[in-house]
Amino acid sequence: QVQLVESGGGLVQAGGSLRLSCAASGRSFSSYAMGWFRQAPGKEREFVAAISVSGGRTSYADPVKSRFTISGDGAENTVYLQMNSLKPEDTAVYYCAGEPTTASWYLGVRKGDYHYWGQGTQVTVSS
C-alpha cells in the first residue's frame, strides 16, 4: 500500500505557473502507474494527466495539453504536475492517484483505474 500526499497548490494569476508534487510513502511507487485528477466546485472529478510505471508513456486531457506536463522521479518517490499558462477554468482541487501494476505501459485515465488517492491540493487561478 502507498500513501500519497500532494503539495504545491496555491493562488496564482492567469498566465502564471505552478508545480504540484505528489509524494509517495509506504512503498516505492516505481511499480505504480500515477495520475492527476481535478475537481471544481459542483463538478465531477476529471482526468488531467497520467504517467506509466516506466515513465515512458503519458496522457493528457485535451484542456491541458501543451500547458501541463506530468513527470516522475523514482529516486524521490515523487510525481509532479507542471502547470503553465494557467487559466481561471483550471481552478480546482487537484488529486494525485496511484495504481499498482506490473504493466510498464499501463495508463489510467478514469477514476476507477486507481485504488489510491491523496487528499488533494487547492489551485486557484485569478483572472
Side-chain angles (χ1 to χ4, degrees):
Q1 187 170 343
V2 67
Q3 292 78 44
L4 304 174
V5 179
E6 303 95 335
S7 62
L11 173 64
V12 64
Q13 288 188 333
S17 298
L18 283 174
R19 188 176 80 157
L20 305 183
S21 299
C22 173
S25 62
R27 182 175 173 178
S28 171
F29 80 49
S30 61
S31 59
Y32 282 71
M34 303 295 293
W36 286 96
F37 289 72
R38 66 187 182 185
Q39 187 167 15
K43 295 188 176 181
E44 293 289 321
R45 191 172 299 188
E46 64 178 9
F47 169 72
V48 174
I51 189 167
S52 62
V53 168
S54 66
R57 296 186 69 211
T58 57
S59 179
Y60 296 92
D62 285 343
V64 308
K65 279 181 181 177
S66 78
R67 299 189 298 122
F68 291 10
T69 303
I70 188 171
S71 61
D73 185 334
E76 296 293 330
N77 261 13
T78 301
V79 127
Y80 302 99
L81 184 69
Q82 177 67 44
M83 305 186 297
N84 299 328
S85 302
L86 283 161
K87 304 175 181 180
E89 51 263 44
D90 293 319
T91 295
V93 177
Y94 283 70
Y95 297 90
C96 174
E99 177 63 19
T101 178
T102 58
S104 61
W105 47 265
Y106 180 83
L107 283 175
V109 299
R110 300 169 300 182
K111 291 181 293 184
D113 292 338
Y114 295 93
H115 277 89
Y116 301 104
W117 293 83
Q119 293 301 305
T121 185
Q122 176 71 46
V123 171
T124 303
V125 185
S126 63
S127 57

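Just so it is clear, the values below take in all heavy atoms, side chains as well, and ignore hydrogens, waters and symmetry mates.
- Linking ILVMFWY residues whenever their side-chain heavy atoms come closer than 4.5 Å, directly or via other members, leaves L4 and F47 in distinct clusters.
- Atom CD of residue Q122 and atom CD of residue Q39 lie 11.0 Å apart, to the nearest 0.5 angstrom.
- Proximity of a side-chain donor or acceptor of Y80 to a complementary backbone N or O of R19 within less than 3.5 Å is not detected.
- The cluster map of Ile, Leu, Val, Met, Phe, Trp and Tyr, joined by side-chain heavy atoms under 4.5 Å apart, puts Y95 and V109 in the same cluster.
- Within the 4.5 Å cutoff, side-chain heavy atoms of W117 are placed close to those of K111.
- Stacking of R45 on the aromatic ring of F37 is not recorded, the 6.0 Å distance cut-off and the 45° axial limit not both being met.
- Contact annotation: the side chain of R38 never approaches that of L81 to less than 4.5 Å [non-hydrogen atoms, C-beta and beyond].
- Side-chain heavy atoms closer than 4.5 Å link hydrophobic residues (I, L, V, M, F, W, Y) into clusters, and following such links, possibly through other members, connects V79 to V48.
- A distance-only check finds a donor-acceptor pair linking the side chain of E6 to the backbone of G120 [under 3.5 Å].
- Inter-residue side-chain proximity for S66 and Y60 is flagged as unmet; no heavy-atom pair is nearer than 4.5 Å.
- Counting all heavy atoms, side chain and backbone alike, T91 lies closest to A40 at O-CB, 3.7 Å.
- A distance of 10.5 Å separates OH in Y114 from OG1 in T101, rounded to the nearest 0.5 Å.
- Using a 4.5 Å heavy-atom cutoff, the side chains of L86 and Q13 are not in contact.
- Considering all non-hydrogen atoms of both residues, A103 and V53 come closest at O-CG2, 4.0 Å.
- Here the closest heavy-atom approach between residue C96 and residue M34 is recorded as SG-CE, 3.6 Å.
- Checked by atom type and distance alone, the side chain of R57 never pairs as donor or acceptor with a backbone atom of S52 at under 3.5 Å.
- Between S21 and T78, the shortest heavy-atom distance links the atoms CB-CG2, 4.1 Å.
- Ring geometry for Y94 against F68 counts as tilted: the plane angle lies between 30° and 60°, on a 0 to 90° scale.
- With contacts defined as side-chain heavy-atom distances shorter than 4.5 Å, the pair E89/P63 does not qualify.
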- Assess whether side-chain contact (heavy atoms from CB on, under 4.5 Å) is satisfied between M83 and V12, documenting all intermediate values. CA-CA 11 Å; M83 305 186 297; V12 64; over 6 Å; no

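- Here Q82 contributes atom CD and I70 contributes atom CD1; the two are 12.5 Å apart, rounded to the nearest 0.5 Å.
- Taking every heavy atom of both residues into account, Y106 and A33 meet most closely at CD2-CB, 3.6 Å.
- With respect to K65 and D62, a salt bridge is recorded, a charged nitrogen being found less than 4.0 Å from a carboxylate O.
- Between N84 and S17, the shortest heavy-atom contact is OD1-OG, 2.9 Å.
- With rounding to the nearest 0.5 angstrom, the OG1 atom of T121 is 7.5 Å from the CH2 atom of W36.
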